[in-house]
Amino acid sequence: MTITVAVTGASGLLGRQVLAEAQSREGVDAIGLALTRAENGLRKLDLTDESAINAFFQNARPDAIIHCAAERRPDIAATNPDLAERLNAQVPGMLARKAKEHGAFMIYVSTDYVFDGRNPPYGVTDEPNPLNFYGRTKLAGERETLSENPNAAVLRVPLLYGQVEYAGESAVDVLLGPVRDTSKQTKMDDIQDRFPTCVEDVARVLLDMAQAGIGADNKRMHGIFHLSAKERMTKYAISLMFAQILGIDNTDHLVAVRELPKEDAGGVQRPGDTQLSNQALEEAGITTSFVPFKQWWTKYLLKS
């Protein structure tokens with residue numbers, strides 16, 4: 001049986017990989033959706049236009065929709081709150097409602113930033129307490145999704161990395177610039193723990209979830225799930241690893257900061273340690289294996 005899977009935000013870091021994973025699977029017809037970068041076969045769709053969403057569901061009749069589109073940058077969300085609220089909270093609720101009306105299984109991609117980072121590791125039943133506006137909008141999106149469509153799934157993920165289309169597309173590859181610029185001293189956080197996770201692994205899990213979740217009688221994929229790699233790293237540790245891979249022996253220009261800031265340079269408070277537990281996914285029968293961080297980046301940097 002062939003299924004149709006639609007991917008929103010298919011021009012972005014995660015969405016591109018989810019679309020590629022869907023296209024690689026036998027028995028899956030993939031539809032990539034985007035707005036400002038709707039090219040290379042992607043369909044242009046304004047997710048804030050309810051009539052356009054209605055028309056898409058009626059014409060494409062997807063069996064599943066994986067919702068990757070979002071305002072993912074906490075500093076931009078804080079400076080443009082109306083747009084962030086619309087994209088991160090209102091749109092997911094509307095998509096969930098339409099998915100339910102048309103019998104499609106929906107997965108909403110959320111974030112570890114729904115937690116305050118004070119009591120890790122976090123399971124799916126732990127109480128969220130976002131510290132910044134971005135986290136609050138994503139939590140609102142979760143609640144809208146599951147309120148409109150209790151049969152939907154939410155997948156919370158941490159800091160992501162993967163193949164980028166431009167420098168700084170992820171909060172991991174953006175560190176390469178300061179690492180390479182040995183003439184300029186750069187302060188690097190060395191206290192806030194992150195668990196960088198490859199979008200290739202996230203995409204594989206999302207497609208596994210979609211294929212398992214299609215069908216009204218399949219309840220094991222309904223509700224909230226977490227996915228995270230298990231390597232604990234700070235931005236400073238990531239930067240030192242990049243320097244090692246690139247053969248940069250002198251890293252005196254990278255200065256470790258070991259005091260937890262109340263806010264970052266953009267005025268956004270960030271959690272200290274939001275480690276996510278994969279237990280719920282594993283209990284649902286989904287494999288949560290991960291490529292080692294250094295292995296992936298060594299291959300990526302040395303070929304580019």
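Counting begins at 1 with the first residue of the sequence.
Salt bridge present: K98 and E50 bring a charged side-chain N and a carboxylate O closer than 4.0 Å. A salt bridge is absent between E21 and R16: the closest approach of a Lys/Arg side-chain nitrogen to an acidic carboxylate oxygen does not fall below 4.0 angstrom. Comment: K235 does not engage D189 in a salt bridge, judged by the lack of any side-chain N to carboxylate O separation of less than 4.0 angstrom.
A distance of 11.5 Å separates CD in E200 from CG in L14, rounded to the nearest 0.5 Å. Here the OG1-CE distance, from T251 to M241, works out to 13.0 Å after rounding to the nearest 0.5 Å. The distance from atom CZ of F242 to atom CZ of R180, rounded to the nearest 0.5 Å, is 9.0 Å. Distance check, rounded to the nearest 0.5 Å: CD of E231 to CZ of R194 gives 16.0 Å. One finds the CG atom of L42 at 6.5 Å from the CG atom of L19 (value rounded to the nearest 0.5 Å). One distance of note links CD1 of I107 with CD1 of I66; it measures 4.5 Å at 0.5 Å rounding.
Residues D46 and T48 share a closest heavy-atom pair of OD1-OG1, 2.6 Å. Pairing each heavy atom of P128 with each of P130, the nearest pair is C-CD, 3.9 Å. The heavy-atom pair separating S11 from E165 by the smallest distance is O-OE1, 4.3 Å. The two residues V164 and E169 come nearest to each other via the heavy atoms CA-OE1, 3.2 Å. For N149 against A104, the heavy-atom pair with the smallest separation is ND2-O, 4.3 Å. Heavy-atom minimum distance, E85 versus F133: OE1-CZ, 3.8 Å.
Under the 4.5 Å side-chain criterion, counting only non-hydrogen atoms from C-beta, R97 is not in contact with K100. Side-chain contact between L35 and L47 is absent, with no heavy-atom pair separated by less than 4.5 Å. Proximity of V7 to I31: side-chain heavy atoms (C-beta onward) are nowhere separated by under 4.5 Å. Using a 4.5 Å cut-off on side-chain heavy atoms (C-beta onward), M106 and T145 make contact. The shortest distance between side-chain heavy atoms of Y161 and V199 does not fall below 4.5 Å. Looking at heavy atoms from C-beta onward, Q275 lies out of side-chain contact with K230 at the 4.5 angstrom threshold. A 4.5 Å side-chain heavy-atom check between M233 and D193 finds every atom pair outside the cut-off. Looking only at side-chain heavy atoms (C-beta outward), Q185 and V255 come within less than 4.5 Å of each other.
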>> Go through it in stages, so that I can follow the logic: the residues are T2 and V28, the test is side-chain contact (heavy atoms from CB on, under 4.5 Å), and I'd like the CA-CA distance, side-chain angles, deciding distance and then a yes or no.
In response: CA-CA 6 Å; T2 299; V28 176; over 6 Å; no

> Hey, mind stepping through T234 and D190 against side chain to side chain donor-acceptor pair (under 3.5 Å) and telling me if it holds?
Replying inline: CA-CA 5 Å; T234 63; D190 195 31; 2.7 Å; yes

> Hey, mind stepping through L206 and Q211 against side-chain contact (heavy atoms from CB on, under 4.5 Å) and telling me if it holds?
Replying inline: CA-CA 9 Å; L206 283 167; Q211 290 182 299; over 6 Å; no

>> Pair V179, L254 - check side-chain contact (heavy atoms from CB on, under 4.5 Å), show working.
In response: CA-CA 7 Å; V179 170; L254 302 175; 4.2 Å; yes

> Between M209 and L155, is a side-chain contact (heavy atoms from CB on, under 4.5 Å) present by the stated rule, with each step listed?
Replying inline: CA-CA 10 Å; M209 290 176 67; L155 183 68; 4.1 Å; yes

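The backbone N or O of T197 sits nowhere less than 3.5 Å from a side-chain atom of D201 that would complete a donor-acceptor pair. For S277 (side chain) and Q279 (main-chain N/O), a donor-acceptor pair under 3.5 Å exists by modelled atom type. Between the side chain of N88 and the backbone N or O of E71 there is at least one donor-acceptor pair closer than 3.5 Å. Checking side-chain atoms of N129 against main-chain N and O of F115 turns up no donor-acceptor pair under 3.5 Å. A side-chain donor-acceptor contact under 3.5 Å links N278 to the backbone of S228. Under the 3.5 Å distance criterion, the side-chain polar atoms of K138 are matched with a main-chain donor or acceptor of V109. When atom types are taken as modelled, the side chain of D273 and the backbone of G117 share no donor-acceptor pair closer than 3.5 angstrom. With hydrogens and angles ignored, the 3.5 Å screen pairs a side-chain donor or acceptor of N59 with a backbone N or O of A55. Judged purely by atom type and a 3.5 angstrom limit, D173 uses its side chain to pair as donor or acceptor with the backbone of G168. Counting only distance, with no hydrogens or angles, the side chain of T79 and the backbone of I76 share a donor-acceptor pair below 3.5 Å.
Looking at Y122 and D116, their side chains do bring a donor and an acceptor atom within 3.5 Å of each other. In this model, a donor atom of one side chain and an acceptor atom of the other lie less than 3.5 Å apart for E142 and S110. Checked by atom type, the side-chain pair T182/H253 shows no donor-acceptor distance below 3.5 Å.
L131 and F195 fall into different hydrophobic clusters, defined by Ile, Leu, Val, Met, Phe, Trp and Tyr side-chain heavy atoms under 4.5 Å apart, directly or through other members. Hydrophobic clustering (ILVMFWY, side-chain heavy atoms < 4.5 Å, transitive): L139 and V157 are in distinct clusters. Both F293 and V202 are members of a single hydrophobic cluster when ILVMFWY side chains are connected at heavy-atom separations under 4.5 Å. Under a hydrophobic clustering in which Ile, Leu, Val, Met, Phe, Trp and Tyr are joined whenever their side-chain heavy atoms come within less than 4.5 Å, directly or via other members, V205 and F105 fall into the same cluster. Hydrophobic cluster membership differs between M221 and L276, with clusters built from Ile, Leu, Val, Met, Phe, Trp and Tyr side chains linked at under 4.5 angstrom.
Considering only residues two or more places apart in sequence or on other chains, R72 meets the salt bridge (charged side-chain N to carboxylate O under 4.0 Å, His left out) condition with none of them. Under the side-chain contact (heavy atoms from CB on, under 4.5 Å) criterion, L146 pairs with A152, V154, I224, sequence neighbours left out. D112 is linked by a side-chain hydrogen bond (donor to acceptor under 3.5 Å, both in side chains) to T274, counting only residues two or more places apart in sequence or in another chain.
Y108 and H67 have parallel rings, their planes meeting at less than 30° on a 0 to 90° scale where 60° marks the start of perpendicular. Between Y134 and Y113, the ring planes are perpendicular. Angles over 60° get that label, and only those under 30° would be called parallel. The aromatic rings of W297 and Y300 sit perpendicular to each other, their planes meeting at more than 60°, with 30° as the lower class boundary.
Atom CZ of R232 sits in a crowded spot, with more than 12 heavy atoms from other residues, nucleotides or ligands closer than 6.0 Å.
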